[in-house]
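Heads up, the thing below is written out as structure tokens.
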Amino acid sequence: MSSLEFYNGKPLAEQVADYILNYIIDNNLEVGAKIPNEFELGKMINVSRTTIREAIKILVSRQILEIRRGAGTFVSERQGITDDPLGLTFVKDKTKLALDLVSVRLMLEPEIAMMAADHATPEQIGEMKLQCDQIEELIKSGRDHMEADIRLHTMIASCSGNSVVEKLIPVINSSIAVFVDVTNRALGQETIETHREIVNCIAERDAEGAKCAMYMHLIYNRRVFRQLEKEEKQLG
């Protein structure tokens, strides 16, 4: 890649941030890869180290880069994905939010499960089965299973073979966090059973079965949210 070609419309630091991002893409830098230091980047792009620092701050804020003290700057494992891309944290009515989210998940996740049945590798299937074991252990021991639940749904989406689906994972993750909070873990046994059914269907390459199992998993959630909504209305 040649040195930066300046153009109007963006502050210099943002132009440099775009250049560094393109450098990462063009050089196929993987997650955890170290990028050149400030001096090397400044010489490469022909800008000051102060501008390089500003550009790196922009990329860190976008979760594209991460700074490790004493080690350097690296490609972030977050890959530009924020924890709450839709700002769902600020929605006050969590029950209404949960119902809205389950509607979106019903549009997406049954199809994602179908794709996973077609594309998951034996290694991925093995990892998902182990994840089901972990979730069951956490639920039965009364411990918080939210993070483990999120990892399983992330695995399923990653098995879809569709790069756009993988970028939808943050939305799915946000919804799982809301579900666990709203239901207060009321769906423990159903969660165990439906998760295993989804993964077993994926393992058997039963795409239609995986779709139906994911649909049932989400319908269980929706039923609880509807009941909560009715109770809240009765309380006034």
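Sequential numbering from 1 along the given sequence is applied to the chain's residues.
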Legend entry - Residues Arg226 and Glu229 bridged, charged N to O under 4.0 Å: yes
Inset, instruction - Answer yes when Asp100 and Lys96 have at least one side-chain N-carboxylate O distance shorter than 4.0 Å, and no when they do not. - result: yes
How long is the span from the [atom1] atom in [X] to the [atom2] atom in [Y], to the nearest 0.5 Å?
| X | Y | atom1 | atom2 | value |
| --- | --- | --- | --- | --- |
| Leu168 | Arg105 | CG | CZ | 12.5 Å |
| Thr51 | Glu14 | OG1 | CD | 12.5 Å |
| Ile35 | Glu40 | CD1 | CD | 10.0 Å |

Inset, instruction - Decide yes or no on side chain to side chain contact (heavy atoms under 4.5 Å, CB included) for Gln134 and Gln131, but give the supporting numbers first. - result: CA-CA 5 Å; Gln134 184 183 6; Gln131 194 64 25; 3.4 Å; yes
Legend entry - Within-4.5 Å side-chain heavy-atom neighbours: Leu41 and Glu38: no
Legend entry - Test item: Glu136 and Ile139 side chains (from C-beta on) under 4.5 Å apart, heavy atoms: no
Legend entry - Stepwise side chain to side chain contact (heavy atoms under 4.5 Å, CB included) check, Lys43 with Arg49: CA-CA 9 Å; Lys43 190 173 181 181; Arg49 293 178 69 176; over 6 Å; no
Legend entry - Residue pairs fulfilling side chain to side chain donor-acceptor pair (under 3.5 Å) with at least one residue in residues 67-76, sequence neighbours excluded: Glu66-Arg68
Inset, instruction - Would you check, one step at a time, whether the test side chain to side chain donor-acceptor pair (under 3.5 Å) holds for Glu137 with His145? - result: CA-CA 9 Å; Glu137 180 184 342; His145 67 280; over 6 Å; no
Just by modelled atom types, is the [Y] backbone N or O under 3.5 Å from a matching donor or acceptor in the [X] side chain?
| X | Y | answer |
| --- | --- | --- |
| Gln124 | Thr121 | yes |
| His119 | Ser160 | yes |
| Asn27 | Leu29 | no |

Let me have the donor-acceptor pairs involving side chains of residues 209-220, under 3.5 Å, with sequence neighbours excluded, atom names and distances please.
unit_1: Lys211; atom_1: NZ; unit_2: Glu111; atom_2: OE2; d: 3.2
unit_1: His217; atom_1: ND1; unit_2: Thr194; atom_2: OG1; d: 2.8

Inset, instruction - Treating Ile, Leu, Val, Met, Phe, Trp and Tyr as nodes and any side-chain heavy-atom pair under 4.5 angstrom as an edge, say whether Ile192 and Leu138 lie in one connected cluster. - result: no
Inset, instruction - Indicate, with yes or no, if Met115 and Met128 share a hydrophobic cluster defined by side-chain heavy-atom contacts under 4.5 Å among Ile, Leu, Val, Met, Phe, Trp and Tyr. - result: yes
Inset, instruction - Using side chain to side chain donor-acceptor pair (under 3.5 Å) as the criterion, point out the one residue from Gln227, Glu232, Lys230 that pairs with Thr95. - result: Glu232
Inset, instruction - Mind listing the closest non-hydrogen atom pair of Ile58 and Ala17 along with its distance? - result: CG2-CB, 4.1 Å
Legend entry - Any side-chain donor near an acceptor of the partner, Gln189 and Glu193, under 3.5 Å: yes
Inset, instruction - Under the side chain to side chain contact (heavy atoms under 4.5 Å, CB included) rule, what do Leu59 and Arg62 come out as? Steps first, then yes or no, please. - result: CA-CA 5 Å; Leu59 294 174; Arg62 294 177 188 168; 4.2 Å; yes
Legend entry - Verdict with reasoning, Lys129 to Arg196, per side chain to side chain contact (heavy atoms under 4.5 Å, CB included): CA-CA 7 Å; Lys129 287 182 175 179; Arg196 287 204 181 279; 5.7 Å; no
